[in-house]
Amino acid sequence: ISPVHVIGGGLAGSEASWQLASAGVPVVLHEMRPERGTEAHQTDGLAELVCSNSFRSDDAEGNAVGVLHEEMRRLGSVILRSADEHKVPAGSALAVDRDHFSASVEKALADHPLVTVDRGEIGGLPPEEWDSVIIATGPLTSPGLSEAVAKLAGQQSLAFFDAIAPIVHKDSIDFDIAWFQSRYDKVGPGGDGKDYINCPMDEAQYEAFIDALLAAEKMEFREWEKDTPYFDGCMPIEVMAERGRETLRFGPMKPVGLTDPRTGTRAHAVVQLRQDNALGTLYNIVGFQTKMRYGAQTEVFRTIPGLEKAEFARLGGIHRNTFINSPTLLDGTLRMKAQTRLRFAGQITGVEGYVESAAIGLLAGRFAAAERLGQNPSLPPRTTALGALLSHITGDADAETFQPMNVNFGLFPPVEPEITPNGKRRKLKGRDRKAAMAGRALRDLDAWLAETRQAAE
Ligand code: FAD
């Protein structure tokens, strides 16, 4: 069997290589460090954690990332196994000793007879004779390769900064205040003139909001991020507010073309939210990318009328981050439509975080292995955390506003209402809803695993 080439020995590339080798497929893993470094990596180790040492919540009953951990364990993930072996006390989170963790991933790969680690940069498109490649070069992909990908994908389809606006769970929005309406009731393709959720502000509320934005604590850009020229397109809302108190009212908060049904008039300012996934469970706040600290964001955004009780699927941010527009570029098994020998995995596909990156590496590795062995790649059910994340990046997410995403329950299909003892249907909420989604995910994962094992035999 000829090898699959994996480019990038980070979280995703290491996991993809492990899955390939575990399936009996030879791998060459290309890692550019130490020959060439990135702005964030400090060591030569595979699967280096560039910042925090936490894989976040390990609660597989009530937290989406905890469910993802458990699913990855059941699929034999080397990242999860090494994390479990080298965990340090961190309450309900899974945190690790970063050096031991990285060394353990590296040893597992080095000891595997089907894995060859080749140190060196792949500075452009991989040679044509490599017929199956996984590109897992991360948020700091080297310039030569990112330019080649941009050429192939189209400049518009590769971003060098994320500009993440906060995303809200729709069912936490107060529709006694907010209403559905597109500006000037414009009907877009497939729309009904009611595509946006609108939250109105009167003058006093707007002025207080501007004060809160200006006073909020912000995060600094890293020194090397300041030098990247791509930053202009994604100005944080607090910077817009600094340019003048009315700037936002003439920008993302303009009230024109919208009528508040409670008053029958135009509000002083309007915050708009746009649907973020095909399921319609998540909405992003339009134009609200921000460098405010997370605590400050929750506080400030909950002063918006209608969002007083908003639950956030993710908060805003702006970072140096190389990622492609996966919903348009990739097929369901992470292959580039324009050149199907190339698969993508990790943060470059538009997921966010160590665990999510490794999870997409795991899937890319399994898909590439199945293909090499002449089997049909089998997709995880979309009710699982793996399936929900994969569906999001390969199709559910809105391609136009696509920004990196953490795993969260808003990506999962809704659960059936509960039938109460007197035969009534009761919508599950809060902890019960999360527990039902988590339980369903793990049951469906087990059934899928049993099925794929049977098919392989
Ligand atoms: P990486 O782990 O970065 O792996 C990519 C690998 O590819 C690297 O080893 C790199 O050297 C190599 N490479 C790049 N180009 C080439 C090439 N042309 N040829 C060969 N090799 C190449 N996520 C969290 O969950 N928690 C955090 O605290 C966190 N902090 C972050 C801090 C920073 C500064 C950044 C940039 C990101 C952070 N992330 C964090 C986000 C993300 O989860 C991590 O970056 C994660 O490591 C992504 O995994 P990956 O495998 O996609 O990329």
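Both ligands and their constituent atoms are indexed starting at 1 by order of listing. Side chains included, hydrogens not; waters and symmetry mates left out as well; all remaining heavy atoms used.
Counting only N and O atoms by type, the side chains of R320 and T322 include a donor and acceptor under 3.5 Å apart. Side-chain N/O atoms of H319 and D162 include a donor and acceptor closer than 3.5 Å.
The backbone N or O of Y294 sits less than 3.5 Å from a side-chain atom of T298, completing a donor-acceptor pair. For the pair S172 (side chain) and E311 (backbone), a donor-acceptor distance under 3.5 Å is present. Remark: the backbone N or O of G138 is paired with a side-chain donor or acceptor of T141 at under 3.5 angstrom.
Sequence neighbours left out, the pairs with a member in residues 365-377 that pass side-chain hydrogen bond (donor to acceptor under 3.5 Å, both in side chains) are S2-R372, D131-R372, R335-E371, R343-E371.
Annotation: ligand 1 has protein neighbours I7, G8, G9, G10, L11, A12, H30, E31, M32, R33, T38, A40, H41, V50, C51, S52, G120, E121, I122, A136, T137, G138, P139, L140, T141, S142, L145, R222, G346, Q347, G353, Y354, S357, each with a heavy atom less than 4.0 angstrom from the ligand.
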